[in-house]
Amino acid sequence: MPGPDRSAESERARYYLTTAIAYANNRPGLHTLFEVIGADAIARWHRMKGNETRFLTGTDEYSVNIALTAAEQGRDPKAFVDEMVALFRTAEDTLQISPDRFIRTTDLDHQRAVHEMIRRAYASGDLYVGNYEGWYCPNEGFIPASQLVEDSSGIHCANHPTVALQWLSERNWFFRLSAYQAKLERYYAEHPDWVQPEYRKNEMLGFIRGGLEDFSVSREKASWGIPFPIREDGSSSQLPDGSWDPAAGTVYVWFDALTNYITGAGFPDDPEAFAKWWPCDVHIIGKDINRLHTIMWPAMLMSAGLALPKLVWVHGWLLAQGERMSKSRGNFLDPNDMVAALGSDGTRYVTLREAAFDRDSDVSWNSFVRRYNADLANDFGNLVNRTVTMVNRYLGGNRPPPGPPASLRSDWLSTSLSYRGHLEGFLLHEALAVLWVFVGAVNRLVDAEKPWALAKAAGSNDADAGERLRNVLGDLVEACRLIALATAPFIPSIAPKVLQQLGYDQPYGPDGKDGPPLLDELEWGAHAEEAGHVALPEPLFPRLDVESPVA
RNA sequence: GGCGGAGUAGCUCAGUGGUAGAGCAGGGGACUCAUAAGCCCUUGGUCGGUGGUUCGAAUCCGCCCUCCGCUACCA
């Protein structure tokens with residue numbers, strides 16, 4: 001391999017990243033898939049670097065609401081979620097999301113993991129039986145104080161003004177989060193970067209300092225859930241026939257959902273795998289579940305004697321005219337419309353370029369189409385097209401090697417460093433932005449060097465012009481190769497086509513595995529000595545003139 | 001209410017004391033390798049308001065206005 005020896009550093013490293021599991025109650029919109037698309041680009045980047053990578057996505061399938069919805073449709077909850085989960089998996093496939101495991105909270109190994117976490121919390125003295133009480137709306141369940149409305153007709157929940165509330169008390173298990181305030185504060189102090197962006201960490205620190213209350217971790221009456229594995233005396237609730245005593249209740253959402261991250265790493269069935277993959281390198285989550293992941297989850301892990309995630313990255317929301325995109329608001333974008341218009345790669349690119357990965361971002365169909373045309377069709381797609389055309393026309397298709405060191409090469413050096421830094425720091429939009437500054441520089445080089453003029457001069461026996469023509473076109477081809485490889489995590493199906501047009505093989509598998517170390521490939525001139533032929537040019541990102549599919 | 005953040009060109013944003021910037025969108029031009037694309041030039045802003053500090057403020061300080069985030073059991 002050419003270039004400095006950095007493969008030793010990257011080759012044996014392993015990288016484990018997760019997304020939040022999605023609530024399996026509906027077909028996902030683009031705003032839901034945003035996180036998964038971003039995480040997938042990161043996963044592919046690490047796979048291409050040669051890191052042994054594990055990428056986990058999945059669905060959260062237990063909840064009272066899901067049981068209710070299924071019941072309303074006269075269906076078994078499992079059959080209902082099976083159908084919903086299929087929609088998620090199809091959506092992921094459509095966008096070329098490449099999880100190494102798609103985990104479902106209904107998976108049996110996950111039940112074992114949750115049970116083990118409960119047992120460990122109990123063994124640590126962090127579980128106790130208490131009363132969970134509060135206002136209960138028969139249509140909605142327990143209503144937090146923040147959603148209570150009081151008016152002339154009395155007190156009721158915001159969504160059901162006519163339904164009388166009941167004060168209910170349920171006998172539930174509680175987790176002693178209050179015991180973890182000081183431990184969490186110390187952990188935050190000793191790991192100042194473990195929650196990012198920093199302002200998200202500060203919000204959580206403020207919350208912790210305000211005092212922590214215990215939270216309930218079981219439900220007495222809900223049947224659609226993971227069976228609670230122990231009775232009040234701590235004994236197993238498993239019955240002789242292997243089933244679980246319904247009287248013990250079910251695990252409530254926190255333990256049920258969050259534990260998926262360690263189930264996905266092999267806990268507790270495969271200690272060897274678990275030792276290898278845990279702690280994860282990063283949880284990619286949305287800002288709405290920050291508290292769960294950076295306060296409750298770490299306390300649960302501490303209680304179980306397990307290591308904490310190395311990093312939690314908190315992204316923002318996709319907004320439409322300042323409002324959060326959501327199914328209920330109806331202001332969401334259908335990924336199928338996006339893919340139909342922009343292609344899978346186009347959808348991935350514009351989503352991650354238009355939406356900042358560290359805060360909320362306003363997006364729209366029009367902004368996506370504009371971005372697609374400007375960046376993919378005009379800037380990059382056209383650059384590849386004109387480069388390949390010129391090599392064909394002026395050099396008979398023989399791919400020239402890069403010329404002697406020139407400014408474009410040093411441009412690339414700083415660009416690739418900056419690109420990598422942003423990408424590995426989860427600022428995906430910034431990573432793409434710096435890469436496209438380079439794309440602009442390459443386009444300007446074409447106009448500055450005027451290969452068509454050089455070709456004409458070379459045709460008049462100007463040997464210097466001929467030499468310069470080959471050098472310029474060699475630099476252009478090399479720039480296109482590097483941009484395609486660097487962008488491959490974002491545009492996994494088009495990037496190989498770019499390489500193919502440039503006469504290079506695509507050395508990576510469909511999900512980015514099994515190729516040479518990417519950082520070596522991203523060296524300027526990594527394949528300078530290889531002869532080759534460019535293919536016939538073919539537009540990779542056709543320019544669009546697309547009307548909005550939503551009103 | 002408390003704590004934190006933000007208000008800069010039509011849009012998205014950069015810019016933390018010294019004559020207002022980028023990309024996109026809009027206008028004009030030259031060229032021709034190219035996906036009517038790329039390149040060059042260019043129209044847009046009393047930098048939320050106000051008072052102050054300073055030779056000089058988008059940039060520092062006070063007050064005000066607007067918006068946003070966090071403020072625990074839907075996830």
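The basis for the numbers below is simple: all heavy atoms, side chains too, and nothing from hydrogens, waters or symmetry mates. Each chain gets a letter, A, B and so on, in the order its sequence line appears, and its residues count up from 1.
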Donor-acceptor pairs under 3.5 Å, side chain of residues 23-31 of chain A to any protein atom, not counting sequence neighbours: which ones?
from, atom 1, to, atom 2, distance (Å)
Tyr23(A), OH, Ser63(A), OG, 2.4

If you measure from the [atom1] atom in [N] to the same atom in [M], how many Å do you get, rounded?
N      : M      : atom1 : result
C33(B) : A20(B) : C1'   : 38 Å
G10(B) : U71(B) : P     : 35 Å
G7(B)  : G49(B) : P     : 13 Å

Pair Trp173(A) + Phe228(A): ring centers closer than 6.0 Å |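 Judged by ring-centre distance (under 6.0 Å), Trp173(A) and Phe228(A) do meet the cut-off.
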
Aromatic ring proximity His293(A)/Tyr261(A), centre distance under 6.0 Å =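 That pair passes the under 6.0 Å test.
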
Nucleotide opposite [N] in a Watson-Crick or G-U pair, distances under 3.5 Å:
N      : value
C39(B) : G29(B)
G69(B) : C3(B)
A22(B) : U12(B)

Would you mind checking if [Y] and [X] are paired as a salt bridge, meaning a charged N to carboxylate O distance below 4.0 Å?
X         : Y         : answer
Lys287(A) : Asp358(A) : no
Glu92(A)  : Arg89(A)  : no
Arg371(A) : Glu354(A) : yes

Please state how far atom CH2 in Trp254(A) lies from atom P in C74(B), giving the value in whole angstrom units.
->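 Distance, rounded to whole Å: 6 Å.
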
Would you mind building the protein contact string for nucleotides 21-30 of chain B? One character per nucleotide, 5' to 3', B for base within reach (heavy atoms under 4.0 Å), S for sugar-phosphate only, - for untouched.
-> ---SS-----

With a 3.5 Å cut-off and just heavy-atom distances, do the side chain of Ser216(A) and the base of C73(B) make a donor-acceptor pair?
->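 Per atom types, the contact qualifies.
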
What form does the base of G51(B) take, syn (within 90° of 0) or anti?
->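 Nucleotide G51(B) adopts anti.
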
Has Phe215(A) got its ring stacked on the base of C73(B), with centres under 5.5 Å and planes less than 30° apart?
->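 So no, this residue does not stack on that base, at least one cut-off failing.
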
May I ask you to say what Ile295(A) touches in the nucleic acid, namely base, sugar-phosphate or nothing, with a heavy-atom cut-off under 4.0 Å?
->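 Nothing: the residue Ile295(A), judged by heavy atoms under 4.0 Å, touches no strand.
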
Remember a base hit wins even if backbone is also touched, and classify Gly286(A) as base, sugar-phosphate or nothing at under 4.0 Å, heavy atoms.
->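 Result for Gly286(A) = nothing.
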
Which nucleotide wins on minimum distance to the side chain of [X], given the candidates [options]?
X         : options                : value
Asp288(A) : G69(B), A75(B), C13(B) : A75(B)
Asn382(A) : C70(B), A72(B), G38(B) : G38(B)
Met390(A) : C73(B), C33(B), G69(B) : C33(B)
Glu213(A) : A72(B), U35(B), G38(B) : A72(B)
Pro539(A) : A72(B), C33(B), U35(B) : U35(B)

For residues 443-457 of chain A, which residue pairs qualify under salt bridge (charged side-chain N to carboxylate O under 4.0 Å, His left out), counting only residues two or more places apart or in two chains?
->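 Passing the test, one end in residues 443-457 of chain A: Arg386(A)-Asp447(A), Glu449(A)-Arg468(A).
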
Asn392(A) (side chain) donor-acceptor with Thr389(A) (main chain) under 3.5 angstrom =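 Checked: no pair found.
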
Answer yes or no: does a side-chain N or O of Tyr199(A) lie under 4.0 Å from OP1 or OP2 of A6(B)?
->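 No.
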
So does Tyr394(A) get a side-chain nitrogen or oxygen closer than 4.0 Å to the phosphate oxygens (OP1/OP2) of C33(B)?
->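 Yes, because at least one side-chain N or O of Tyr394(A) sits under 4.0 Å from OP1 or OP2 of C33(B).
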
